[in-house]
**Student:** 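Sharing a structure with you now.
Every chain is numbered from 1, with letters handed out A, B, ... down the list of sequences. Keep in mind the model is a prediction, meaning the values are calculated, not measured.
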Number of protein chains: 2
Amino acid sequence: MSTAVASPSAPGGESLSKAQIAYTWVRERIVSGDYAPGHRLVLSTLAAELDMSVVPVREAIRQLEAEGLANFERNVGARVAMIDEARYVESMEALGILEGAATAMALSSISEEDLAQAQDLNDQLRVTLEDFDPKTFTELNHRFHNVLTCRCPNERLIELVNAEWEKLGHLRESTFSFVPGRAAESVAEHQRILDLIENRATSAQVEAAVREHRSATLASYLAAHPNHP
Amino acid sequence: MSTAVASPSAPGGESLSKAQIAYTWVRERIVSGDYAPGHRLVLSTLAAELDMSVVPVREAIRQLEAEGLANFERNVGARVAMIDEARYVESMEALGILEGAATAMALSSISEEDLAQAQDLNDQLRVTLEDFDPKTFTELNHRFHNVLTCRCPNERLIELVNAEWEKLGHLRESTFSFVPGRAAESVAEHQRILDLIENRATSAQVEAAVREHRSATLASYLAAHPNHP
DNA sequence: TGATTCCAAATCGTATATCATTTTCTTACA
DNA sequence: TGTAAGAAAATGATATACGATTTGGAATCA
């Protein structure tokens, strides 16, 4: 029986292709940490588990590869992407740049409600600090940033932000897990960003603030991390 | 005979998989404009032309899809991605942001030689103005920007820059084809960027200059373009 | 004539089969 | 005992085959 997979011939709803089913299935396992980095993704095994042939599974894994969640080696096979320390840092940096720009561009479109929602999320984050749980903190943190960026009129930029965010996804919680003290600073910086927006700061100021916010997260992560190559 | 495709069992060299051969082959046709936007990519036809089965072709096209060069429609097939006006603008904007940041980060690593090479390329661009050819101008233009960004220590950022650049690739020449006057301005702005670098301007200044440079290109493109939805 | 239905061709999606490569295990030899 | 050669197993890469879906057109009817 394994996992209940949505019937491909689901009546009424639009049936997903097997390749798509395999994609979401495997992806879910990766982001949930079920398949740890380095875990081998054997086509025949996955195909058997999903009760389909290897062809759609292969396609799914290639798609995951394109997103950077898996690595394929010719004639050897695929495995869940390793979390190279250097790459993690670089992606965080890139995310800061993209997110900063997206937030700045969104400025004129951010409504009172958006701002209120962001404030609310940051308040929730503050509450979380007392009984800290990296998982929920990370979740709220994502939603906070998403509220600010999603109004960006440039959809491509939003795509890039999300892609980068997801690439970091399956290990992002580690930042706050490893450096619990960072969470409090993070909330404070969020507040500063919200204040800037509310006080009609220039887009350059907001962009810089968001970028620095991520740099700071990154710095504390690195400080707490003895580089282990 | 058709196109001479590198033998998969090329002796000595590392043989490419058929999927990779198909990928580069189709991609080449797209970026060269041989396959215009909207052109259908029929698996069986391509497979026949490449003398292989449809399986690797399919894989190649999915890869192209992931890069945004092709679009796949379920049970219908793939076609070369349409050049949506809005998407073009958004990608250009995103490229400006990424390139600006990459160039700024590269500042401390740009050597005298790099600067000289960039200067040389811009001089070549200036010469090209007299007997203008959009194709070579675009080529040189790319190399100019590449010299500045490639020293960026953040490889991920370079990846993103290149990905965005290539996404625009198959229609980038149009900017200078449609707005020939823009080329001269472009060269002047390049010169300003080089001057900033030479005079040890702050990274923020350089970043802004590069970003504005692309904004200006975009603006003149839009000005010369009656929006045709 | 125009719209509708139905059939056939085109093409994709997936399964199965075969070939190629890599890895691992065994075995023989120094 | 350690190493190297070779066979066997595992797995990926590709080919072929077949079923499913879409699309275009022919035939039918009002």
**Student:** Between B:K167 and B:R87, is the side chain to side chain contact (heavy atoms under 4.5 Å, CB included) condition met? List the steps.
**Tutor:** CA-CA 10 Å; B:K167 207 161 127 69; B:R87 285 181 189 283; 5.6 Å; no
**Student:** Within this structure, what is the CZ-CG distance for the pair A:R211 and A:L95, rounded to the nearest 0.5 Å?
**Tutor:** 11.5 Å
**Student:** If you round to the nearest 0.5 Å, how far is CD1 of B:I158 from OG1 of B:T149?
**Tutor:** 6.0 Å
**Student:** To the closest 0.5 Å, what do you measure between CZ (A:R214) and OG (A:S186)?
**Tutor:** 8.0 Å
**Student:** How long is the straight-line distance from CG of A:N154 back to CD of B:E93, given to the nearest 0.5 Å?
**Tutor:** 4.5 Å
**Student:** Between B:R62 and B:E65 (salt bridge meaning N to carboxylate O under 4.0 Å), is one present in this structure?
**Tutor:** yes
**Student:** Can you build the contact string for nucleotides 5-12 of chain D? Use B for base contact, S for sugar-phosphate-only contact, and - for no protein heavy atom under 4.0 Å.
**Tutor:** ------SS
**Student:** Going 5' to 3' along DNA chain C, between which two nucleotides do contacts with chain B fall, using a heavy-atom cut-off of 4.0 Å?
**Tutor:** C:dT11 to C:dG13
**Student:** Using a 3.5 Å limit for the pairing distances, which stems of at least 3 consecutive Watson-Crick or G-U wobble pairs does DNA chain D take part in?
**Tutor:** C:1-30 with D:1-30
**Student:** If you round to the nearest 0.5 Å, how far is SG of A:C152 from CD of B:E90?
**Tutor:** 8.0 Å
**Student:** Taking all atoms of both residues into account, what is the closest heavy-atom pair of B:A106 and B:L148, and its distance?
**Tutor:** CB-O, 3.3 Å
**Student:** Tell me the closest heavy-atom pair linking B:A22 and B:V57, and the distance in Å.
**Tutor:** CB-CA, 4.2 Å
**Student:** Measure the CZ-CG distance between A:R151 and A:L107 for me, rounded to the nearest 0.5 Å.
**Tutor:** 13.0 Å
